[in-house]
2 protein chains.
Amino acid sequence: MGFAHHAGPGTPVTTADARHVARVMSALATPSRVRILARLREGASTVGELALAVEMEQPAVSHQLRILRDLGFVLGNRNGRHVIYGLYDSHVAALLDEALRHIEHLRAGDTTTPTEEHA
Amino acid sequence: MGFAHHAGPGTPVTTADARHVARVMSALATPSRVRILARLREGASTVGELALAVEMEQPAVSHQLRILRDLGFVLGNRNGRHVIYGLYDSHVAALLDEALRHIEHLRAGDTTTPTEEHA
DNA sequence: TGCTGGCATGCACATGTGTGCATGTCAAAC
DNA sequence: GTTTGACATGCACACATGTGCATGCCAGCA
């Protein structure tokens with residue numbers, strides 16, 4: 001009755017794959033990390049700048065950056081006293097864009113009203 | 001020194017956007033939901049079939065299906081005594097593929113060894 | 001060498017969340 | 001109408017996780 005099949009790239013998706021996907025996608029599962037990545041998409045910056053931009057305490061930003069680093073989303077290297085962070089590569093930006101495009105797509109068809117929209 | 005800029009589609013990504021993205025992407029942030037979606041990508045199926053496929057208790061599957069429904073990922077309609085679930089549209093499958101493609105991409109460059117691979 | 005700035009790390013805690021178990025609900029079969 | 005099958009819901013709990021606070025570490029500067 002009109003489901004979306006797709007049949008995909010044939011990939012059966014093993015249990016290990018599922019766990020891996022979940023781990024990686026969990027990077028985008030919290031507003032703070034999304035904001036950090038979004039800010040980094042506009043250009044590399046230091047931890048302090050990020051903290052100001054996303055309005056978080058510096059340690060909190062460092063913690064999230066560590067997670068994003070372990071997941072291969074960002075990459076930081078020292079420059080004097082600062083550590084400059086940036087997106088690992090353009091593929092990360094692409095994934096972010098895909099996510100944004102997805103919610104935009106949902107906003108169009110708006111299936112079930114996100115549960116909260118009370119401003 | 002070689003960061004990935006991108007400058008994106010100009011979207012500044014508001015705080016609300018970040019929260020929305022996080023909410024939506026959290027659907028892919030757990031292995032069980034990824035497995036459910038992966039199974040559904042191969043074709044629609046009933047809750048019982050899903051439970052068997054992903055090796056979860058039926059109530060657990062129902063709970064996750066409810067989440068996936070609220071997020072607009074899946075869609076279920078009754079057929080006799082069964083409720084047949086399927087991906088909401090091909091865009092969901094596309095997002096899943098993008099996620100799989102991403103981890104595959106990481107596996108190639110393998111930046112920081114996912115912290116656990118001891119199996 | 002001592003001091004300050006910039007990040008990272010440890011620890012503790014509050015919160016969110018996935019799952020098991022029991023139960024409720026609805027449709028089909030008798 | 002009663003019973004059975006399939007799924008949904010409520011509740012409780014264990015667990016993971018994000019953040020604040022204090023502290024440690026390292027580079028640059030006087």
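Chain identifiers are assigned alphabetically (A, B, ...) following the order of the sequence lines, protein sequences preceding nucleic acid strands; residue numbering begins at 1 within each chain. Scope of the values below: all heavy atoms of this structure, side chains included, with no hydrogens, waters or symmetry mates.
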Contacts under 3.5 angstrom, residues 26-37 of chain B side chains, donor-acceptor by atom type, not counting sequence neighbours:
residue : atom : partner : partner atom : Å
B/Ser26 : OG   : B/Arg23 : O            : 2.5
B/Arg33 : NE   : B/Ala27 : O            : 3.0
B/Arg33 : NH1  : B/Gln64 : OE1          : 2.7
B/Arg33 : NH2  : B/Ser26 : O            : 2.9
B/Arg35 : NH1  : B/Val54 : O            : 3.3
B/Arg35 : NH2  : B/Ala53 : O            : 3.4

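- Judged as a side-chain contact (heavy atoms from CB on, under 4.5 Å), and not counting sequence neighbours, A/His63 has no contacts.
- Taking only side-chain atoms of A/Arg66, from C-beta outward, the nucleotide of D/dG18, D/dC7, C/dT9 with the closest atom is C/dT9.
- In this structure, the CZ atom of B/Arg19 is 15 Å from the C1' atom of D/dG18, given to the nearest Å.
- Residue contacts for A/Ile67: at a heavy-atom cut-off of 4.0 Å it reaches the sugar-phosphate backbone alone, with no base atom in range.
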Q. Going 5' to 3' along nucleotides 19-30 of chain C, which nucleotides have protein heavy atoms under 4.0 Å from the base (write B), which only from the sugar-phosphate (write S), and which from neither (write -)?
A. BBBB----BB--

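- Per the geometry, CG belonging to B/Leu68 stands 12 Å off P belonging to D/dA8, to the nearest Å.
- For B/Val83, the side-chain contact (heavy atoms from CB on, under 4.5 Å) partners are B/Arg78, B/Tyr85, not counting sequence neighbours.
- For the pair A/Leu50 CG and C/dA8 C1', the interatomic distance rounds to 15 Å; values are reported in whole Å.
- Note on B/Thr46: only backbone sugar-phosphate atoms sit closer than 4.0 angstrom, heavy atoms only; bases stay farther off.
- Scored by the side-chain contact (heavy atoms from CB on, under 4.5 Å) test, A/Ser45 finds A/Arg39, A/Leu40, A/Glu49, A/Leu50 as partners (sequence neighbours excluded).
- Rounded to whole angstrom, the span from the CG atom of B/Leu75 across to the P atom of D/dC7 amounts to 16 Å.
- Side-chain N or O atoms of A/Asp97 include none that pairs as donor or acceptor with a backbone N or O of A/Leu100 at under 3.5 Å.
- In this structure, CG of A/Asn77 is placed 16 Å from C1' of D/dC26, rounded to the nearest angstrom.
- The separation between B/Arg35 atom CZ and C/dG18 atom P is 16 Å, rounded to whole Å.
- Rounded to whole Å, atom C1' of C/dA8 lies 17 Å from atom CD1 of A/Ile84.
- Spacing between atom CD of A/Glu49 and atom P of C/dG5 amounts to 18 Å, rounded to whole angstrom units.
- Distance alone, capped at 3.5 Å, is enough to place a donor-acceptor pair between the B/Asp89 side chain and the B/Val92 backbone.
- Contacts of B/Ser62 classified as side chain to side chain donor-acceptor pair (under 3.5 Å), with partners at least two apart in sequence or in another chain: B/Gln58.
- Between B/Tyr85 and the phosphate of D/dA8, there is a side-chain N or O to OP1/OP2 separation shorter than 4.0 Å.
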